[in-house]
Amino acid sequence: MQFARINGVVLHHQLFGAGSGRPVLVFANSLGTDFRIWRDVIVRLAGEFTILTYDKRGHGLSDLGAPPYTMDQHVDDLSGLIDHLELGPAIIVGLSVGGMIAQGLLERRPDLVRGLVLCDTAHKIGDATLWNGRIDAVMGDGGIAGIADAILARWFTARYRAEETEAMAGWRNMLVRQPAAGYAGTCAALRDADYTDFVKTIAVPTLCVVGDEDGSTPPDLVLALARLIPGARYEVIPGAGHIPPVEQPALLADMIRALAALVPSGASQ
Ligand SMILES: O=C(O)CC1=CCC(=O)O1
């Protein structure tokens with residue numbers, strides 16, 4: 001099954017390798033994307049892990065629910081989906097808002113988390129002015145399309161944007177086809193979430209990783225996150241913007257594999 005009703009909302013997801021007994025990786029994606037961004041990472045890791053990807057509410061083929069959202073709602077959707085699929089503790093790989101969902105999952109359901117890969121994310125992203133401006137823009141006449149160029153310039157390196165014209169057309173389609181209310185609803189969750197105090201208590205193996213040309217959560221912000229988390233590793237991926245699973249999937253897959261090797265089986269925080 002690719003659809004499950006969790007907390008009253010149908011969530012689109014894909015599960016690979018169920019019942020294999022392999023360690024579990026869960027991938028949580030970013031604002032304005034769906035789980036297709038993980039494909040080139042997943043194909044590299046599929047033989048070694050059980051893998052869950054999903055579209056958070058208001059994105060992809062998942063239901064809209066009732067925006068605006070809170071980060072706790074996104075977190076509770078993910079914990080509900082993991083419980084529903086009986087996956088047990090997992091390494092959570094979260095990109096941007098997906099990385100905040102990962103932090104929130106560890107806070108609210110530490111029994112479900114063995115390790116964290118926090119990719120192009122932070123303990124706090126942006127401020128109320130930024131997110132309220134983004135909400136007004138996408139709910140206005142221009143919709144997501146009106147700010148798509150600016151978003152894509154932060155997501156992808158200049159080289160990728162210039163050379164990968166077909167891919168850029170596809171990723172633009174993905175972005176502008178997200179429901180504006182789902183996008184704006186998640187902007188509200190980002191505006192209101194702050195894990196600064198919580199991340200200082202993290203005690204599971206954690207990698208903080210960022211594309212060297214990330215224009216949304218730049219390396220100095222992700223380094224600040226890594227410095228708050230006891231024992232966290234920090235890596236910079238060359239030749240990537242805000243979405244390394246698209247631009248540098250092999251490097252990111254290697255880093256996920258290395259983090260997974262540090263995670264004791266059976267352990268959660
Ligand atoms: O849209 C952006 O600028 C990038 C981003 C911020 C939070 C998120 O999930 O994506």
Side-chain angles (χ1 to χ4, degrees), residues 27-38 53-60 62 67-71 73-75 77-78 92-105 116-139 142-157 160-161 168 171-195 208-222 224-225 237 240-247 252:
F27 290 84
N29 49 283
S30 57
L31 178 66
T33 68
D34 57 44
F35 65 57
R36 285 173 287 197
I37 62 167
W38 297 112
T53 59
Y54 78 109
D55 293 337
K56 63 187 162 295
R57 63 171 64 200
H59 286 70
S62 292
Y69 315 128
T70 64
M71 199 63 74
Q73 280 181 298
H74 280 308
V75 170
D77 287 349
L78 180 54
I92 315 296
V93 184
L95 177 71
S96 201
V97 69
M100 298 191 83
I101 293 170
Q103 294 165 51
L105 187 70
L116 293 171
V117 178
L118 301 177
C119 187
D120 300 76
T121 189
H123 40 295
K124 174 151 183 62
I125 301 176
D127 58 18
T129 304
L130 182 150
W131 293 119
N132 286 335
R134 194 86 74 97
I135 291 166
D136 289 345
V138 301
M139 296 308 287
I144 296 177
I147 58 170
D149 284 343
I151 293 171
L152 293 165
R154 293 190 291 264
W155 281 9
F156 298 111
T157 60
Y160 189 89
R161 282 181 277 131
M168 283 303 301
W171 297 125
R172 175 185 290 270
N173 288 342
M174 176 190 68
L175 171 62
V176 303
R177 291 175 187 173
Q178 303 302 325
Y183 185 100
T186 299
C187 290
L190 279 154
R191 178 194 61 205
D192 299 336
D194 185 346
Y195 289 106
C208 300
V209 57
V210 61
D212 64 344
E213 295 182 45
D214 184 340
S216 297
T217 51
D220 59 346
L221 179 62
V222 180
L225 169 66
I237 299 184
H242 189 61
I243 312 198
V246 168
E247 282 197 80
L252 182 58

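Ligands are counted one by one from 1 in listed order, and the atoms in each one are counted from 1 as well.
Using a 3.5 Å distance cut-off with no hydrogens or angles, the side chains of His242 and Ser30 do not pair a donor with an acceptor.
Scanning the protein heavy atoms around atom 8 (C) of ligand 1, the nearest turns out to be Ser96 OG, 2.6 Å. For atom 4 (C) of ligand 1, the closest non-hydrogen atom on the protein side is Ser216 OG, 3.3 Å.
Judged purely by atom type and a 3.5 angstrom limit, Lys56 has no side-chain atom pairing as donor or acceptor with the backbone of Ala28. Asp214 contributes no side-chain N or O that, together with a main-chain N or O of Pro219, makes up a donor-acceptor pair within less than 3.5 Å. No donor-acceptor pair closer than 3.5 Å links the side chain of Thr53 to the backbone N or O of Phe27. In this structure, Gln73 contributes its side chain and Thr70 its backbone to a donor-acceptor pair below 3.5 Å.
Rounded to the nearest 0.5 Å, atoms CG (Leu116) and CD (Gln103) are 7.5 Å apart.
Distances from ligand 1 to the non-hydrogen atoms of Arg134 include at least one value under 4.0 Å.
Atom numbering of ligand 1 starts at 1 in the shown order; those under 4.0 Å from a heavy atom of Ser30 are 9 (O). When each atom of ligand 1 is checked for a heavy atom of Arg154 under 4.0 Å away, the hits are 3 (O). Less than 4.0 angstrom separates some heavy atom of Leu31 from each of these atoms of ligand 1: 8 (C), 9 (O), 10 (O). Close contacts of ligand 1 with Val97, meaning ligand atoms under 4.0 Å from a residue heavy atom, involve 8 (C), 9 (O). Ligand 1 places these atoms under 4.0 Å from at least one heavy atom of Trp131: 6 (C), 7 (C).
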